[in-house]
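Each chain gets a letter, A, B and so on, in the order the sequences are listed, and its residues count up from 1.
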Amino acid sequence: MTTDVKTPDDTTDAVPAGRSSRAHTALRRVGWNTRQRPNLLAGLLALAWAFVIAVPLYYIIQSSLVTRSDYLSKTFLAWPTRPTLKNYQTALDSGFNRYLLNTAVVTVFTVAIVLVLAIPAAYAISRSRSRFVGRGFSMMLLGLAIPAQAVIVPLYLIITRIDQYDKLTGIILPTAAFSLPVAVLVLTSSLRDIPRELYEAMTLDGATVTRLLFTLVLPMSRSSITTVGVYTAIGAWNGLLFPLILTQSDSQRVLTLGLWKFQGQFGTDFPALLAAVVLSGLPILLLYLFGRRQLISGVTAGAGK
Amino acid sequence: MIPAIDPTPSPARRAVGDREEAVLQMSDHDRRPGAVWALPAFLFFAAFAVLPMVLVLVLSFTSWNGLGDPQPAGMENWQRLAKDDELVASLWRTLLVMVASWALQTPIALGIGVWAAGKQRNRAVLSALFFVPLLLSTPAIALMWRTFLDASFGLPNALRGVLGDNTNLLGNPDLAIWIAVFVMSWQWIPFHTLLYQGAARGVPVVLYEASVIDGAGRWRQFWSITLPQLRYTIVTSTILMLVGSVTTFDAILVLTEGGPGTATRILPLHMYFMGFTGYEMGYASAVAVLIVVLGTAMSLAAVRLSGFRAMQSQSEGL
């Protein structure tokens, strides 16, 4: 089976390669350099958009570093003459610590649930011949289309009925459920790339189904597990919808909700509010510095390419 | 059930074939994970995503104030839906947000995506900056713009020379929804840029080389090669934008809370206010069903209009 498939693949690969080299010769003959002149229009667009992104980001950092009275009198985008970290102290003193901890708890448990459920599921989907598994996978794929916003009323009903309202568990459960389809999809497509021969060779050597998971599946799918973990973590860290409708007390408040409440609480104390905004984004921005590639593949995991 | 194996394996593969034979003699149970492995994930997803989806339809035929039990209410909510002027208005606003954010996001994301797929200098630095909005939470972004556009201390105040005393941009009912569209686009353009960047990198270089021989300039290359080659990505990106706009919620909630007045109250906000501040959960469910139908219809329409019409391979003629 494998040898049959290989042959046409090789020929299709050969055709563009052949054309390509022929094209290269022709190009050289007409004196065209493969390195083109820079694309000016697109470059200008990119530069303009970089500006649109950078200016408000600069604004929040700059404004979070001035005292309240300096903020009221400063020139719009001028760098503060007397920068201070006092606003960060104010934000941290206003319950930010607890919100940060709550968000961390929600994120860690959501990622754990998603990985613990999705990895065995993807393993079964990619290997099992059971029709039930196939049906379940179709259900998940259809489930990709369920918008979380549209089901907040029944979710509120379910979470209150199982007595998880105003608890972090109440946020974790639906957040994990809505991350599952993408997680299963990404993991399944990566597990399908593991050659059948490896499973068979290891089975012959006496590996059980469970052992295969730990010695073959997990090591071979490490990068897609990272992708799924990052995707789930960012969703949980940044989520507002479920915390908004499923919690109410201050002790169960997460960062996103806390930011929104800060806005009412601080009134016109914009520097403190903006310090809180910066603080809320800091952990993920730090991750971005160290693992840009993983973070980007995690963020786009939902696009299902 | 077990797929037939080539009956005459090559001599070199005979040893491997014997091994395969031995594996195939083992029962499925010993070689493959059973349904039990997938069951927990399926049940969990069914409980917290599929069940709510079914319940939202059921609840749309009930009357429920959020406490106690939902009471059957027949067609009441649906009859009310047909007569709700505020619903019609929020539906129009939703459509406006949808069209406007598509028209704003697509050209910018496409242009930058194609540019970022190339090999320009400084590209890495700018690309690193482009994706920052993707990492911030929606409330953080909305609050950033809220303060940035503040009437007394933000950009409008700095532009007093141009704007005069009309510095309260977010408080202007005619402007607020356009600002909301812009803020949402600011947040999501990086995501679509990544989609286009990935797709543009996959366009075969041969096509460009051949077009140069035919005398095509860069502009012509973009319209005749890049754009047609990216059409499936354009469909994907469009579907994500349309569905995203129909269900968008938190950005506008934090940015304007639906105001001033009801100027930015789009469909999901209408549902939220009906359900969680008006405690009319049954009616909110009916609006939610409408949102689901609208979102599904939009993505089906996008696929129909652009995807199936031209089913030929993207690499045809190579």
Heavy-atom distance under 4.5 Å to chain A: side chain of [X], backbone, both or neither?
| X | value |
| --- | --- |
| B:P40 | both |
| B:M271 | side chain |
| B:L155 | both |
| B:D150 | side chain |
| B:A142 | neither |
| B:E257 | side chain |
| B:S152 | neither |
| B:L129 | both |
| B:L290 | neither |

Part of [X] lying under 4.5 Å from any heavy atom of chain B:
| X | value |
| --- | --- |
| A:T210 | both |
| A:I119 | neither |
| A:I159 | side chain |
| A:L274 | side chain |
| A:L213 | side chain |
| A:I162 | side chain |
| A:I152 | both |
| A:A48 | neither |
| A:S128 | both |
| A:I53 | both |
| A:R131 | neither |

Among the listed options [options], the residue most often paired with chain B at heavy-atom distances under 4.5 Å:
| options | result |
| --- | --- |
| A:V184, A:L273, A:L157 | A:L157 |
| A:A46, A:S63, A:A148 | A:A46 |
| A:F132, A:W260, A:Y71, A:Y156 | A:W260 |
| A:F270, A:F137, A:W49 | A:W49 |
| A:V278, A:L57, A:V116, A:L257 | A:L57 |
| A:L259, A:V133, A:L173, A:V151 | A:L173 |

Find the one option among [options] whose heavy-atom pairs under 4.5 Å with chain A are most numerous.
| options | value |
| --- | --- |
| B:A128, B:A49, B:P70, B:A284 | B:A128 |
| B:L51, B:L39, B:L59 | B:L59 |
| B:F276, B:F249, B:Y272, B:F222 | B:F276 |
| B:D250, B:L136, B:L135 | B:L135 |
| B:P52, B:A199, B:A288, B:G282 | B:P52 |

Polar side-chain atom of [X] near backbone of [Y] as donor-acceptor pair, under 3.5 Å:
| X | Y | result |
| --- | --- | --- |
| B:W64 | B:L67 | yes |
| A:T256 | B:P139 | no |
| B:R32 | A:R127 | yes |
| A:Q149 | B:T247 | yes |

Less than 6.0 angstrom separating the ring centers of B:F131 and B:F191, yes or no?
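No; B:F191 has its ring centre 6.0 Å or more from that of B:F131.
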Assert yes or no for the condition that the ring centre distance of A:F178 to A:F242 is strictly below 6.0 Å.
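Between A:F178 and A:F242, the centre distance is under 6.0 Å.
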To the nearest 0.5 Å, what is the distance between CD1 on B:I112 and CD1 on B:I189?
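One gets 6.5 Å once the value is rounded to the nearest 0.5 Å.
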More than 12 heavy atoms from other groups under 6.0 Å of CZ on B:R160
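Yes, because the 6.0 Å sphere around CZ of B:R160 holds more than 12 heavy atoms from other groups.
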Any donor-acceptor pair under 3.5 Å linking the side-chain atoms of B:T226 with those of B:Y208?
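Distance-only check passes for B:Y208 and B:T226.
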Please work out whether the ring planes of B:W145 and B:W186 are parallel, tilted or perpendicular, with thresholds of 30° and 60°.
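Ring orientation of B:W145 relative to B:W186: perpendicular.
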